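Please read the structure below before turning to the comments.
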Amino acid sequence: MPELPEVETICRGLAPSIVQQKIITITIYNNKLRYPIPKNISKSLAKQTIQKIYRRGKYILLTTKKGTLIIHLGMSGTLQIKPKNHPSGKHEHFILTFANDLSLRYKDPRRFGAILWTNKDPLKHPLLKKLGIEPLDNNFTANYLYDRAKSKHCAVKQFIMNNEVVTGIGNIYANEVLFAAKINPLTAANTITLHRYQILAKEIKKILRSAIKHRGTTIQDHTDSHGKQGSFQNKLKIYGKFDENCCRCQTKLTHIKLGQRTTFFCLFCQNN
DNA sequence: CTTTTGACCTGACAGC
DNA sequence: TGCTGTCAGGTCAAAA
């Protein structure tokens with residue numbers, strides 16, 4: 001479900017409700033996520049106060065004095081703030097309650113997400129340590145992409161979706177940025193010129209920033225921490241456009257499978 | 001080393 | 001009202 005803009009939206013929405021709040025209860029309804037929720041997590045979190053919340057790639061990090069709660073939403077995960085006595089719903093697997101009588105609820109029907117704990121530097125956690133650069137970081141540039149692409153013969157779409165190259169770009173935004181940059185998603189990453197990577201890097205930043213501003217893309221179930229939907233789905237130019245014409249040239253759009261993910265493009269505009 | 005494939009899950013929807 | 005097949009904002013390990 002969530003890519004960088006959705007995860008960022010969720011983090012921003014959660015902060016006012018949970019930062020500086022003391023955890024009162026920890027409830028695990030189902031620990032069978034992508035990885036089991038660690039058994040000792042209740043002990044680790046007990047009576048801790050959330051110091052800050054931030055994002056690395058698609059991971060959400062909640063820090064406390066004793067360590068860090070690492071959350072990944074997988075395909076279908078959401079984090080919601082509800083009154084602590086609100087009845088628990090289906091697929092709410094993990095709930096924290098706080099001194100302010102609010103609760104943080106992790107809901108994930110498909111259970112592809114993860115809830116983990118570390119008492120070390122979370123950025124050095126095995127799942128996070130290999131993550132590539134943040135696309136909104138100033139050091140994310142055309143030159144960075146160009147250099148990293150040198151050994152990559154794979155399709156450019158798979159290259160920019162590779163979290164070890166750059167984090168946070170998933171299927172929706174990969175399709176959107178390549179359409180904006182007029183690059184065919186099948187182009188081998190190592191054959192793209194520095195000039196085209198300049199355009200691509202610029203579009204990645206522009207589109208991700210815009211999507212954050214619009215509070216993410218709601219196709220099925222993305223909402224912020226208070227249940228509010230995003231609106232970037234209204235700005236999508238290519239993702240999900242089956243049997244539609246290109247908004248730039250009116251050519252009928254094409255969709256294929258690339259690495260098991262549906263890939264949309266315009267044969268005329270993205271014809272390099 | 002890079003690239004491809006299968007696996008992990010539930011729910012929604014189309015077609016019979 | 002079923003049943004079956006397909007698809008979905010992700011990503012890891014194993015195989016090639």
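Bear in mind the structure is a predicted one, so any value in this text is a computation, not a measurement. Per chain, numbering begins at 1; letters A, B, ... match sequence-line order.
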Pick the closest DNA chain B nucleotide for A/Lys32 and for A/Gln220 by heavy atoms, then say which residue is nearer the 5' end. A/Lys32
Give the table of side-chain donor-acceptor pairs shorter than 3.5 Å for residues 117-127 of chain A, with sequence neighbours excluded, one pair per line with atom names and distance.
{"residue": "A/Thr118", "atom": "OG1", "partner": "A/Lys120", "partner atom": "N", "Å": "3.0"}
{"residue": "A/Asp121", "atom": "OD1", "partner": "A/Leu123", "partner atom": "N", "Å": "2.9"}
{"residue": "A/His125", "atom": "ND1", "partner": "A/Leu127", "partner atom": "N", "Å": "3.0"}

For DNA chain C, what residues of residues 177-189 of chain A have any heavy atom nearer than 4.0 Å? none
Mind checking the P distance from B/dT5 to C/dC7? Whole angstroms is fine. 16 Å
Could you write out each protein N or O paired with an N or O of nucleotides 2-4 of chain B at a distance under 3.5 Å?
{"residue": "B/dT2", "atom": "OP1", "partner": "A/Ser151", "partner atom": "OG", "Å": "3.4"}
{"residue": "B/dT3", "atom": "OP1", "partner": "A/His153", "partner atom": "N", "Å": "2.3"}
{"residue": "B/dT3", "atom": "OP1", "partner": "A/Cys154", "partner atom": "N", "Å": "2.6"}

In whole angstroms, the gap separating P of C/dT6 from CZ of A/Phe242 amounts to 15 Å
For residues 162-171 of chain A, which side-chain donor-acceptor pairs fall under 3.5 Å, sequence neighbours excluded?
{"residue": "A/Asn162", "atom": "OD1", "partner": "A/Glu164", "partner atom": "N", "Å": "2.8"}
{"residue": "A/Asn163", "atom": "OD1", "partner": "A/Gly168", "partner atom": "N", "Å": "3.2"}
{"residue": "A/Thr167", "atom": "OG1", "partner": "A/Glu134", "partner atom": "OE2", "Å": "3.4"}
{"residue": "A/Asn171", "atom": "OD1", "partner": "A/Lys157", "partner atom": "NZ", "Å": "2.7"}
{"residue": "A/Asn171", "atom": "OD1", "partner": "A/Asn175", "partner atom": "ND2", "Å": "3.4"}
{"residue": "A/Asn171", "atom": "ND2", "partner": "A/Thr262", "partner atom": "O", "Å": "3.1"}

Tell me whether A/Leu178 shares a hydrophobic cluster with A/Leu258, the cluster being built from Ile, Leu, Val, Met, Phe, Trp, Tyr side chains joined at under 4.5 Å. no
Could you state the atom-to-atom distance from NE2 of A/His93 to P of B/dT10 in whole Å? 9 Å
How close or far is atom P of C/dA8 from atom CG of A/Leu258, stated in whole angstroms? 13 Å
Atom-to-atom span, CD1 of A/Ile219 to P of C/dC7 - whole angstrom: 17 Å
Hey, is the side chain of A/Lys257 poking within less than 4.0 Å of OP1 or OP2 on C/dA8, counting only N and O atoms? yes
Please tabulate, for the side chains in residues 13-42 of chain A, all donor-acceptor contacts under 3.5 angstrom to protein atoms that are two or more places apart in sequence or on a different chain.
{"residue": "A/Gln21", "atom": "OE1", "partner": "A/Asn100", "partner atom": "N", "Å": "3.1"}
{"residue": "A/Thr25", "atom": "OG1", "partner": "A/Thr97", "partner atom": "OG1", "Å": "2.5"}
{"residue": "A/Asn30", "atom": "OD1", "partner": "A/Lys32", "partner atom": "N", "Å": "2.9"}

Exercise: identify the closest heavy-atom pair between A/Cys269 and A/Cys266: N-SG, 3.3 Å
Whole angstrom value for the distance that separates C1' of C/dG10 from CD1 of A/Ile60: 14 Å
Please indicate yes or no: is the ring centre of A/Phe112 less than 5.5 Å from the centre of the six-membered base ring of B/dC8, with the two planes inclined by under 30 degrees? yes
Taking side chain to side chain donor-acceptor pair (under 3.5 Å) as the test, write out the residues that go with A/Gln158, two or more places apart. none
Any donor-acceptor pair, under 3.5 Å, between the side chain of A/Arg110 and the base of B/dC9, if you only look at N and O atoms? yes
Can you tell me how far P of C/dG10 sits from CG of A/Leu116, to the nearest Å? 18 Å
Between C/dC7 and A/Thr262, is there an OP1 or OP2 to side-chain N/O distance shorter than 4.0 Å? no
Is there a path of hydrophobic side-chain contacts, each under 4.5 Å between heavy atoms of I, L, V, M, F, W or Y residues, that connects A/Ile60 with A/Ile115? yes
Tell me whether A/Tyr106 shares a hydrophobic cluster with A/Leu45, the cluster being built from Ile, Leu, Val, Met, Phe, Trp, Tyr side chains joined at under 4.5 Å. yes
Side-chain touch A/Lys150/A/Asn190, heavy atoms, less than 4.5 angstrom: no
What does A/Lys90 touch in the nucleic acid at a heavy-atom separation under 4.0 angstrom: a base, only the sugar-phosphate, or nothing? sugar-phosphate
A/Ala180: what forms a side chain to side chain contact (heavy atoms under 4.5 Å, CB included) with it, not counting sequence neighbours? A/Glu203, A/Ile207
side-chain hydrogen bond (donor to acceptor under 3.5 Å, both in side chains) partner of A/Arg105, chosen from A/His86, A/Glu92, A/Gln80: A/Glu92
In dot-bracket notation, what is the pairing pattern of DNA chain B, taking Watson-Crick (N1-N3 plus N6-O4 or O6-N4) and G-U wobble (N1-O2 and O6-N3) contacts under 3.5 Å, with [ ] crossing and | for other strands? .|||||||.|||||||
DNA chain C-proximal residues of residues 142-150 of chain A, any heavy atom under 4.0 Å: none
A/Phe159 versus A/Leu145: any side-chain heavy-atom pair under 4.5 Å? yes
A/Asp243 CG - B/dA14 P separation (whole Å): 14 Å
Which donor-acceptor pairs under 3.5 Å do the side chains of residues 62-69 of chain A make with protein atoms, sequence neighbours left out?
{"residue": "A/Thr63", "atom": "OG1", "partner": "A/Lys52", "partner atom": "N", "Å": "3.1"}
{"residue": "A/Thr63", "atom": "OG1", "partner": "A/Lys52", "partner atom": "O", "Å": "3.4"}
{"residue": "A/Thr64", "atom": "OG1", "partner": "A/Gln48", "partner atom": "OE1", "Å": "3.4"}
{"residue": "A/Thr64", "atom": "OG1", "partner": "A/Lys66", "partner atom": "N", "Å": "3.2"}
{"residue": "A/Thr64", "atom": "OG1", "partner": "A/Gly67", "partner atom": "N", "Å": "3.2"}
{"residue": "A/Thr64", "atom": "OG1", "partner": "A/Gly67", "partner atom": "O", "Å": "2.9"}

What's the CG-P distance between A/Leu128 and C/dG10, to the nearest Å? 16 Å
In short, side-chain hydrogen bond (donor to acceptor under 3.5 Å, both in side chains) pairs touching residues 242-253 of chain A with sequence neighbours left out are none
Side chain to side chain contact (heavy atoms under 4.5 Å, CB included) between A/Thr217 and A/His222, intermediate numbers included: CA-CA 7 Å; A/Thr217 300; A/His222 161 68; 5.9 Å; no
At under 4.0 Å between heavy atoms, how does the protein contact nucleotides 11-16 of chain C? Give one character per nucleotide, 5' to 3', with B, S or -. BB----
Check for me, please, whether A/Leu208 and A/Leu236 land in the same ILVMFWY cluster - side-chain distances under 4.5 Å, paths through other members count. yes
Side-chain heavy atoms under 4.5 angstrom apart, residues restricted to Ile, Leu, Val, Met, Phe, Trp, Tyr: same cluster for A/Ile212 and A/Ile160? yes
